[in-house]
*Asks:* 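One structure coming up, written as structure tokens, with questions to follow.
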Amino acid sequence: MKVRPAAASLVLFLALSACADAPVDPGAGDGIDHSTAPDDVLVRIEFEGGFTPIEWTYTNMPSFALYGDGTLVLPGAQIEIYPAPALPAISARRIGEPGIQAFLEEILDALATIPADLNDLGFMYATDVPTTVITVSAGGVDRTIRAYGLAELTERPEGMPEEEYRARVRLQELVTKLGTLETWLPEGSLGPESAYEASGARLFAGKYRKVDLPQDPSPWPLEGALATFGETTDDLGLYRCGVVEGSDWTTVREAASRANQLTPWTDAEKTFSILFRPLLPDENGC
């Protein structure tokens, strides 16, 4: 069958229109290339160290974690009560591909201004403050930058190289901007906020320390002695860490939803404290 010129033009027009309407495939060379796997981190911002109790170290969550499928995980709204709930509030949002592209462009533009040898910005006179850790894996960039006391710097200290000072300022601007995604991501690319549903959690169990505000005890809901749960995590033997997943996590989570951070957990006539740290998509083990 012969195709008339007009019909052929129409076929070509429809084909081009379909291509124009097709979603961006980050692996096909359009836009910034990135993994689309739900457990691959594209960007993570977290804090390490500082003068903090060991309990904070064990339960600390990233302030920002974006995954390949567009899932954004970040701390949720915290309830201002004491004692705080046993389970931390964690939120999740979805970012569409146009938003991911705008987001990665902002990140990569910032990193492009920072020399490749400046991955450890540790020069500061301040002591006992946390280190900001920024990890990026997208667009051919696989980089982790650590900046000690990033938020503490208001002017260039004597002895700090100019390029390091400029890098710190740029990173602080970036961290601040990432806290206002609604104001600059493409309209409609940022989904609503919802509770993050972890598939498992790290549990840190230790000897219960009495508190001034007595709490009702909660029985350990799983089989197996809590005294031998997991493995020792520190030289002092204060806590043992183990991971619960699947149906075990469902059972523990239900019990923990009725508990708080001071709740004594009982098992075999012994009393324990438990810290809960839900796992993020790329995490496993202790």
Side-chain angles (χ1 to χ4, degrees), residues 26 32 34-48 55-79 84-108 110 130-139 141-146 150 171 174-186 188-204 241 243-246 249-250 252-253 256-257 261 275-286:
I32 298 171
H34 66 85
S35 169
T36 58
D39 56 352
D40 280 351
V41 175
L42 303 184
V43 179
R44 185 199 301 267
I45 299 177
E46 55 193 330
F47 300 97
E48 296 179 348
E55 288 79 9
W56 182 89
T57 301
Y58 288 156
T59 59
N60 181 36
M61 298 286 300
S63 62
F64 198 100
L66 176 65
Y67 292 88
D69 64 348
T71 298
L72 173 64
V73 182
L74 62 166
Q78 305 301 309
I79 301 176
L87 297 176
I90 309 174
S91 293
R93 308 184 76 168
R94 293 301 296 270
I95 301 180
E97 187 59 31
I100 294 177
Q101 291 293 317
F103 183 91
L104 293 179
E105 182 177 356
E106 184 71 27
I107 295 284
L108 296 179
T131 297
T132 301
V133 183
I134 301 174
T135 302
V136 179
S137 182
V141 174
D142 189 3
R143 189 174 180 184
T144 297
I145 299 178
R146 287 178 164 81
L150 182 63
L171 289 176
L174 174 66
V175 171
T176 300
K177 188 169 184 177
L178 294 184
T180 61
L181 295 180
E182 294 87 348
T183 65
W184 57 273
L185 284 186
S189 64
L190 184 61
E193 191 169 344
S194 60
Y196 171 70
E197 297 292 341
S199 62
R202 297 173 184 144
L203 271 58
F204 298 87
C241 178
V243 172
V244 292
E245 298 177 291
W249 170 231
T250 300
V252 171
R253 181 177 57 198
S257 67
Q261 293 181 357
L275 308 175
F276 297 86
R277 170 53 164 82
L279 293 173
L280 298 187
D282 64 306
E283 296 176 335
N284 57 75
C286 287

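Only this structure's heavy atoms are used, side chains among them; waters, hydrogens and symmetry mates stay out.
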*Asks:* Looking at residues at least two apart in the chain, or sitting in another chain, which of them share a side-chain contact (heavy atoms from CB on, under 4.5 Å) with Thr144?
*Replies:*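 By the side-chain contact (heavy atoms from CB on, under 4.5 Å) rule, Thr144 matches Val133, Thr135, Arg146.
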
*Asks:* To the nearest 0.5 Å, what is the distance between OG1 on Thr132 and CZ on Phe47?
*Replies:*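 So the OG1 of Thr132 and the CZ of Phe47 are separated by 4.5 Å.
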
*Asks:* Output the distance between atom OG1 (Thr59) and atom CG (Leu275), rounded to the nearest 0.5 Å.
*Replies:*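 Answer for the OG1-CG pair, Thr59 versus Leu275, is 6.0 Å.
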
*Asks:* Hey, what do you get for CZ (Phe204) to CZ (Arg277), rounding to the nearest 0.5 Å?
*Replies:*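 Phe204 atom CZ to Arg277 atom CZ measures 8.0 Å (nearest 0.5 Å).
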
*Asks:* How far does CG of Asp39 sit from CG of Asn284, to the nearest 0.5 angstrom?
*Replies:*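 That separation rounds to 10.0 Å.
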
*Asks:* By ring pair (Phe, Tyr, Trp, His ring centres under 6.0 Å), which residues pair with Phe64, not counting sequence neighbours?
*Replies:*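 With neighbours one apart ignored, the set is Phe103.
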
*Asks:* Please identify each residue that fulfils side-chain contact (heavy atoms from CB on, under 4.5 Å) with Pro278, with sequence neighbours left out.
*Replies:*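 side-chain contact (heavy atoms from CB on, under 4.5 Å) list for Pro278, sorted by chain: Pro88, Ile90, Ala198.
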
*Asks:* How close do Gly99 and Leu185 get, heavy atom to heavy atom, and via which atoms?
*Replies:*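 Scanning both residues completely, I find the closest heavy atoms to be O-CD2, 3.5 Å.
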
*Asks:* Under the salt bridge (Lys or Arg N to Asp or Glu O under 4.0 Å) rule, what pairs show up with a residue in residues 99-108, not counting sequence neighbours?
*Replies:*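 As it turns out, the salt bridge (Lys or Arg N to Asp or Glu O under 4.0 Å) pairs with a partner in residues 99-108, which skip direct neighbours, are Glu106-Arg170, Glu106-Lys177.
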
*Asks:* Could you check if a side-chain atom of Trp184 sits within less than 4.5 angstrom of a side-chain atom of Leu178, using non-hydrogen atoms only?
*Replies:*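 Yes, close enough: below the 4.5 Å cut-off.
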
*Asks:* With sequence neighbours left out, what residues match Ala89 under side-chain contact (heavy atoms from CB on, under 4.5 Å)?
*Replies:*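 In terms of side-chain contact (heavy atoms from CB on, under 4.5 Å), with neighbours along the sequence ignored, Ala89 is linked to Gln78.
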
*Asks:* Check side-chain hydrogen bond (donor to acceptor under 3.5 Å, both in side chains) between Asp69 and all other residues, then give those that pass, not counting sequence neighbours.
*Replies:*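 Scan of Asp69 (side-chain hydrogen bond (donor to acceptor under 3.5 Å, both in side chains), adjacent residues dropped) gives Thr71.
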
*Asks:* How would you list all residue pairs meeting side chain to side chain donor-acceptor pair (under 3.5 Å) that involve residues 194-203, not counting sequence neighbours?
*Replies:*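 Listed by first then second residue: nothing to list.
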
*Asks:* Please examine the side chains of Val43 and Leu104, heavy atoms only from C-beta on, and report whether any two atoms are closer than 4.5 Å.
*Replies:*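 Of all side-chain heavy-atom pairs linking Val43 with Leu104, at least one is under 4.5 Å.
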
*Asks:* Nearest 0.5 Å, what's the CD1-CD distance between Ile134 and Glu46?
*Replies:*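 So the gap between those two atoms works out to 10.5 Å.
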
*Asks:* With sequence neighbours left out, write down each residue that passes salt bridge (charged side-chain N to carboxylate O under 4.0 Å, His left out) with Glu245, or none if nothing qualifies.
*Replies:*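 By the salt bridge (charged side-chain N to carboxylate O under 4.0 Å, His left out) rule, Glu245 matches no residue at all.
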
*Asks:* Can you give me the closest heavy-atom contact between Ala65 and Leu280, atom names plus distance?
*Replies:*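 It is CB-CD1, 4.5 Å.
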
*Asks:* By the definition side chain to side chain contact (heavy atoms under 4.5 Å, CB included), identify the one residue from Leu66, Leu174, Ile32, Ile45 that meets it with Ile107.
*Replies:*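 Only one option passes, and that is Leu174.
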
*Asks:* Mind checking side-chain hydrogen bond (donor to acceptor under 3.5 Å, both in side chains) for Glu193 and listing every partner two or more places apart, or none if nothing turns up?
*Replies:*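 side-chain hydrogen bond (donor to acceptor under 3.5 Å, both in side chains) check on Glu193 returns Ser91.
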
*Asks:* Taking only residues two or more places apart in sequence or in another chain, which ones pass side-chain hydrogen bond (donor to acceptor under 3.5 Å, both in side chains) with Asp282?
*Replies:*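 Partners of Asp282 under the side-chain hydrogen bond (donor to acceptor under 3.5 Å, both in side chains) test: Arg44, Tyr67.
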
*Asks:* With sequence neighbours excluded, tell me which residues meet side-chain contact (heavy atoms from CB on, under 4.5 Å) with Thr183.
*Replies:*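 side-chain contact (heavy atoms from CB on, under 4.5 Å) list for Thr183, sorted by chain: Thr180.
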
*Asks:* Not counting sequence neighbours, which residues clear side-chain hydrogen bond (donor to acceptor under 3.5 Å, both in side chains) with Gln261? List them please.
*Replies:*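 With sequence neighbours excluded, Gln261 shows a side-chain hydrogen bond (donor to acceptor under 3.5 Å, both in side chains) to no residue whatsoever.
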
*Asks:* Identify the two heavy atoms, one from Phe276 and one from Val252, that lie closest to each other, and give their separation to 0.1 Å.
*Replies:*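 Scanning both residues, the minimum pair turns out to be CE2-CG1, 3.7 Å.
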
